[in-house]
Amino acid sequence: MPVSLSVAVLSAMEAVSASQWDALVDADQPFLRHAFLHALEASGSVGPATGWQPCHLTVWKGAQLVGAMPLYEKHHSYGEYVFDWGWADAFERAGGHYYPKALSAVPFTPVPGARALVAQDADTDVVYAALSQGWREQCQRHDLSSWHLLFAGTSEVEVWQAQCPELISREGVQFQWRDRDFGDFDGFLAALTSKRRKMIKRERRLVADQGLEVVRLVGEQITPADLTHFYRCYAITYQERGRPPYLAQDFFTRIYNAMPESLLLVQARLDGRPVAAALYFRGAQTLYGRYWGSEVVADCLHFEACYYQGIEFCLEQGLTLFDPGTQGEHKLLRGFAPQRVRSLHYLAHPGLANAVATFCREEGQQVAAYRDAAFAALPYK
């Protein structure tokens, strides 16, 4: 690594300016913006009290930030969506200590994309080498069992694997919608098989037949009252599972104040009163469905608010990709195609690393077969 570069570990996003950090962030990645990561910390959603200790890596050329990567010391595996509970349990039963560990990801946000941020005029390999040195030193200095890079973009995975051959790759599947020059929602429906086209029409009609009106609010059209109602709905989703929500209400207030242009709120109303809501984020070319909740039980409302409204918005706004969130084969039936997602894992203990590598190879074969089968089942003509 050239002497002119230095690595610094930041205990909070506020230690670096938003202008320097955001200069490295792609316009299609709102979750990596300084405002988003800072809001997580400032709201208390992320921090030592919640088991997420920020230790972000930054690479500097003098006073210029040329590389960065979110990094957290984790004391559990909640909020990650790449599940390593089995690895932790096996290592603990064998007498090891899996926690704390190091994690590079956007907390509570399983969205594929860049994790290592590199300035356009910087040498990518050199910056990656500096970041690699950074997470290795963190693991050694704080006796961390492992480092995990979650939902990295394809090109980033390739660079990391070239830099660090010992990294273990793990395969996953998400379902995403892409515009195929549909033109509008009717064009999208026309591209589907008759069975699925009729299903979607019936589901949308059923929402209206229950007296529900669904509206979209963009940016500053969202009022503080709308945001308060959304959070109540969001909290209900977690309460139904018997646990508190990951994100504090103050997080959403901060996001609304800092980056309203990135927000789309889909609101369902009954007799003029909001009863359900879904909050999306918008990138330059991609719409991201993130948070949902409802005060009422209504047939097909989730599909309408979280899928069909998103597709319609993309077609109206010229967005080419819609990432509605993790899980759910029900997305496949509605035109969302299976996409390969990957994470990378470094485990310091050789025995654990060998066992995990074997597991990931075998799991990867099953995931690939599932992805191929799902792709063949897409409802397009």
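Since the model is a prediction, treat every value here as computed from it, not as a measurement. FYI, the numbering just counts along the sequence from 1.
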For the pair Y308 and F303, name the ring-plane relationship: parallel under 30°, tilted 30 to 60°, perpendicular over 60°.
tilted

Any side-chain heavy-atom pair from V9 and Q138 closer than 4.5 angstrom?
yes

Could you state whether L167 and L150 fall into the same hydrophobic cluster, counting links through intermediate Ile, Leu, Val, Met, Phe, Trp or Tyr residues with side-chain heavy atoms under 4.5 angstrom apart?
no

We want to know whether W147 and S104 form a side-chain donor-acceptor pair, criterion being a heavy-atom distance below 3.5 angstrom.
yes

Taking 4.0 angstrom as the limit, do R115 and E156 come out as a salt bridge?
no

Minimum heavy-atom separation for W292 to A305, with atom names?
CZ3-CB, 3.6 Å

What donor-acceptor contacts under 3.5 angstrom involve side-chain atoms of residues 363-378, with partners at least two apart or in another chain?
{"from": "E363", "atom 1": "OE1", "to": "R170", "atom 2": "NE", "distance (Å)": "2.8"}
{"from": "E363", "atom 1": "OE2", "to": "R170", "atom 2": "NH2", "distance (Å)": "3.0"}
{"from": "Y370", "atom 1": "OH", "to": "E329", "atom 2": "OE2", "distance (Å)": "2.8"}

Taking the six-membered ring for Trp and the single ring otherwise, decide whether the centroids of W52 and H75 are under 6.0 Å apart.
no

Between R136 and E166 (salt bridge meaning N to carboxylate O under 4.0 Å), is one present in this structure?
yes

Just wondering, are more than 12 heavy atoms of other shown residues or ligands nearer than 6.0 Å to CD in E14?
no

Ring centres under 6.0 angstrom apart (Y99, H76):
no

Under 3.5 Å, is there a donor-acceptor pair linking the side chains of S77 and K101?
yes

Testing the 3.5 Å rule here: is there a donor-acceptor pair between the side chains of S146 and H148?
yes

Determine the minimum heavy-atom distance between A277 and C233, stating which atoms define it.
N-SG, 4.2 Å

Pairing donors with acceptors under 3.5 angstrom, does anything connect the side chains of Y98 and D84?
yes

Taking only Lys NZ, Arg NE, NH1 and NH2, and the carboxylate oxygens of Asp or Glu, determine whether R216 and E312 approach each other closer than 4.0 Å.
yes

Side-chain polar contacts of residues 118-131 - donor-acceptor pairs under 3.5 angstrom, sequence neighbours left out - could you list them?
{"from": "D123", "atom 1": "OD1", "to": "D125", "atom 2": "N", "distance (Å)": "3.0"}
{"from": "D123", "atom 1": "OD1", "to": "V126", "atom 2": "N", "distance (Å)": "3.2"}

Ignoring hydrogens and geometry beyond distance, is a side-chain donor-acceptor pair present between R269 and Q267 at under 3.5 Å?
yes

Check: F322 ring centroid to Y288 ring centroid under 6.0 Å:
no

Quick one: do the T223 and D226 side chains pair a donor with an acceptor below 3.5 Å?
yes

Return yes if a side-chain donor-acceptor contact under 3.5 Å exists between T58 and W60, otherwise no.
yes

Within the structure provided, determine whether W177 and F182 are in side-chain contact (heavy-atom separation under 4.5 Å).
yes

Under 4.0 Å between a side-chain nitrogen and a carboxylate oxygen: does that hold for K198 and E203?
no

Are Q29 and F281 close enough, and set up right, to give a side chain to side chain contact (heavy atoms under 4.5 Å, CB included), and what steps lead you there?
CA-CA 9 Å; Q29 287 285 329; F281 282 76; over 6 Å; no

Please check if the number of heavy atoms outside H97 that lie under 6.0 Å from its NE2 is greater than 12.
no

I need the minimum non-hydrogen distance between V16 and L65, along with the two atoms involved.
CG2-CD2, 4.1 Å

Taking only Lys NZ, Arg NE, NH1 and NH2, and the carboxylate oxygens of Asp or Glu, determine whether E304 and R205 approach each other closer than 4.0 Å.
no

Going by side chain to side chain donor-acceptor pair (under 3.5 Å), name the residues that satisfy it together with H330, two or more places apart in sequence or in a different chain.
Y307

Do you know the tightest heavy-atom contact between S45 and F251?
OG-CB, 4.0 Å

Looking only at side-chain N and O atoms, does R196 offer a donor or acceptor that is under 3.5 Å from a partner on T193?
no

